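Predicted, not measured: the structure shown is a model, and the values here were computed from it. Residue numbering restarts at 1 for every chain, and letters A, B, ... go by the order of the sequence lines.
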2 protein chains.
Amino acid sequence: MSVTIRDVAKKAGCSIKTVSRVVNQEAHVTPDLRDRVLAVIDELGYVPNISARRLVQNRSYMICILLHASGVFQSSLISKVLDLGYEGNYDILIQTYYPAFSRSQSKIASLINERRIDGLVTTPPCDSDPYLINMIQQSKLPHVHIAPINPTGGTPYVSAEDYTGAYQMTERLIGLGHYRIGLLMGLRNHRTSLDRLYGFRAALERNDLAFNEQLAIDSENNFPGGYNATKILMGLKQPPSAIFALSDEAAAGALFALNELGIKVPHQVSLVSFGDMGFSHQIWPGITAVKYPVEQIVEQSVEMLIKLVEDRPLDVKQMIFPTTIIERGSTARKE
Amino acid sequence: MSVTIRDVAKKAGCSIKTVSRVVNQEAHVTPDLRDRVLAVIDELGYVPNISARRLVQNRSYMICILLHASGVFQSSLISKVLDLGYEGNYDILIQTYYPAFSRSQSKIASLINERRIDGLVTTPPCDSDPYLINMIQQSKLPHVHIAPINPTGGTPYVSAEDYTGAYQMTERLIGLGHYRIGLLMGLRNHRTSLDRLYGFRAALERNDLAFNEQLAIDSENNFPGGYNATKILMGLKQPPSAIFALSDEAAAGALFALNELGIKVPHQVSLVSFGDMGFSHQIWPGITAVKYPVEQIVEQSVEMLIKLVEDRPLDVKQMIFPTTIIERGSTARKE
DNA sequence: TACAATATTGACAACGTTGTCAATATGAAG
DNA sequence: CTTCATATTGACAACGTTGTCAATATTGTA
């Protein structure tokens, strides 16, 4: 099946031990032979089998950092992943990915190509990076998407009703008398951001309100993004009476900006967010939010992935979970 | 060195294949023989070598969840761990630990005893659990403590100047004219909590202020802990004019409670925290805090652990990093 | 040139498990 | 009591690498 050290040795006309020496950068190989071996390695695409190395060296090449469960080092996604780590026979490796960062890319490549992992779950916006997606598909590694931007070629995915959630929240704001609603959008390479935007627009239309480009600010889904966008919004001649932040972090930034401006929430401006991943209820006055079912999504995606890995049948290849609205203190009827 | 399937087979008087069948709960073993084998397994303390299994089955038994680096799923500790995951040859497994939760205990036991990990870093208050510490020491697994409650028997550790940080912050509050300072304490099984408490007391004494038991509330280092403690503090006949929360989360809870009570921060009450692990600057009005050097601590602990794992010499076995004070908007001179 | 010292290379065992298949024991049916 | 089917057991190869040690080639020194 895969290329082994033996294949390389044969083609290069030397012993497997010599190949081993080249791979491990040991001394005692003539430059000539080394180059020949390296060429063959390159040509055949040989990667060492880490399990064999682990066995013979009696080493796992894995280390562990133990967190106490009482810790605060956990947003709800990570927290759920860590919980799932208790179940089953799998260790779950959490890995971050910066598309443009070569060390990140080569780490992922090594995980995939050396078959150090049996399967992979990707979260947005990882899946908007063609290099990564291409590599995963080439490798035929079992793969499950979370909220993909573009559910390609039958790859199973798990997602949530972002559209409906945003629609319902927007209708609720409209019902409170708000007709100028600021929108703090996330980046467009994120499926969830797009769906939330569409849901927002649909609710406006449904209520005969025009979508006002000026009130929809492209910002990143983070604190400074929300902060800056809110400063812009409130600086308009006709500022909004409500702000819909498409992420918790942007909402926190918005609230900070409103506080700084001396604007009272919710009496002067209502604020809502999308996510509710952890601290929406920990900042005053508590942010009314669309709850994103991140625990269920993570649990399902891992479960699907394990089925794929174990070659068990997948009854459903797409799962979409509903969102719910959590009422807190940051919304009020427009005065 | 360690017990293999062959040792079990020999002692039980059967073939290794039969032992394998028992271990993997396959059919075709008479109950009699199975019991005999199980007894031997128990007696010898046999655990299967996962690397061998991985090799022969061509499976890694590890799965990966990929997070985009832009994510918000990261407090600074996890964030740092994930960054370190790019470097070196090690995959870093993040595992949580609930002392009283048997599934958690058996997961850790399996990681340690099956040698699925080469080494372990523990964070408080993991190290206050004797079951765990005992298991680690029995196993002789390379081990580094972060801020241990009780630096036992030469185990290397990394920590910070909790005492000095608390001392300096307390002096700063006193310098602002506060002489009734509420203290939101963490649990006593946490080294850092104790040291911070001692630093606080020392600063009071130094300034001829008595430590007031009533103003020091035992609370957990989390949001509800800080919230409840603050409600108690502000309900006193003589409430404090400043509050020192020994964690960011408790500070967030305190701020929420103060807001709820209509008490203005910092004009009526000053609030400071210890940690500054991420969102202290994202909640209004920004919390003045002692910065805990978590990135350096994590980086050093992992570096030390890898040296231990690779049998390289450790020039220093204890490292203690300084803390710094970050001034924000939550402190003011007492009126 | 001869000899020792050193550098290079390879044959083969070992790591600890699971899979294959043959050998044997047991039970059922005639 | 046979005969056949099935359940139980074990011998041995295989997985892909690294470590050991011996064999050979090369270099340096007298």
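Counting only heavy atoms from C-beta on, B:Ser2 has its side chain closest to C:dG16 among C:dG16, D:dG16, C:dT9. Residue A:Asn24 places its side chain closer to D:dT18 than to any other of D:dT18, C:dT8, C:dT17. Nearest nucleotide to the B:Arg21 side chain, out of C:dT17, D:dT9, D:dT18: D:dT9. Each of D:dT8, D:dG10, C:dG10 was ranked by its minimum atom distance to the side chain of B:Cys14; first place goes to D:dG10. Out of C:dT17, C:dT9, C:dG10, the shortest distance to the side chain of A:Lys17 is found at C:dG10. You'll find that the side chain of B:Thr18 is closest to D:dG10, out of C:dA14, D:dG10, C:dT9. Set against C:dC12, D:dC12, D:dT9, the side chain of B:Ile16 has D:dC12 as its closest nucleotide.
One interatomic measurement links the two molecules: CD1 of A:Ile5 to P of C:dA11, which rounds to 13 Å at whole-angstrom precision. Computed from coordinates, the A:His28 NE2 to C:dT9 C1' distance equals 11 Å when rounded to whole Å. When the C1' atom of C:dT18 is taken as reference, atom OH of B:Tyr61 falls 10 Å away, rounded to whole Å. Rounded to whole Å, the distance from CG on B:Leu55 to P on D:dA13 is 17 Å. Across the protein-nucleic acid pair, B:Glu26 atom CD and D:dG10 atom P stand 14 Å apart, rounded to whole Å. Rounded to an integer number of Å, the gap from B:Leu33 CG to C:dT26 P is 13 Å. The nearest whole Å value for the distance from the CZ atom in B:Arg6 to the P atom in D:dC12 is 12 Å. Between the CZ atom of B:Arg34 and the P atom of D:dA7 there is a distance of 15 Å, given to the nearest Å.
Side-chain contact check for B:Ser76 and B:Ser79: no donor-acceptor pair (N or O, by modelled atom type) lies under 3.5 Å. Side-chain polar atoms of A:Tyr90 and A:Asp118 form no donor-acceptor pair below 3.5 angstrom.
For the pair B:Val29 and B:Gln57, both in contact range of DNA chain D, the more 5′-proximal nearest nucleotide belongs to B:Val29.
Listed pair A:Thr4 / D:dG16 fails the phosphate criterion, with no side-chain N or O lying under 4.0 Å from OP1 or OP2. Under 4.0 angstrom from either OP1 or OP2 of C:dT18 there lies at least one side-chain N or O belonging to B:Ser20.
Taking the side chain as every heavy atom from C-beta outward, A:Lys80 and B:Ile65 never approach each other to under 4.5 Å.
Looking at heavy-atom distances under 4.0 Å, A:Asn58 makes no contact with the nucleic acid at all.
Between B:Tyr86 and A:Tyr98, the angle of the ring planes lies from 30° to 60°, which puts this pair in the tilted group.
Counting atom types as modelled, A:Arg54 pairs no side-chain N or O with a base atom of D:dG16 as donor and acceptor under 3.5 Å.
Remark: A:Asn58 CG is loosely packed, at most 12 non-hydrogen atoms of other residues, nucleotides or ligands lying under 6.0 Å away.
Between the side chain of B:Arg34 and the main chain of B:Val22, no donor-acceptor pair closer than 3.5 Å is present. Remark: side-chain polar atoms of A:Asn134 are not paired, donor with acceptor, to backbone N or O of A:Pro130 under 3.5 angstrom.
A salt bridge does not link A:Arg103 to B:Asp83: none of the charged nitrogens lies less than 4.0 Å from a carboxylate oxygen.
The stretch residues 39-53 of chain B has no heavy atom under 4.0 angstrom from DNA chain D at all.
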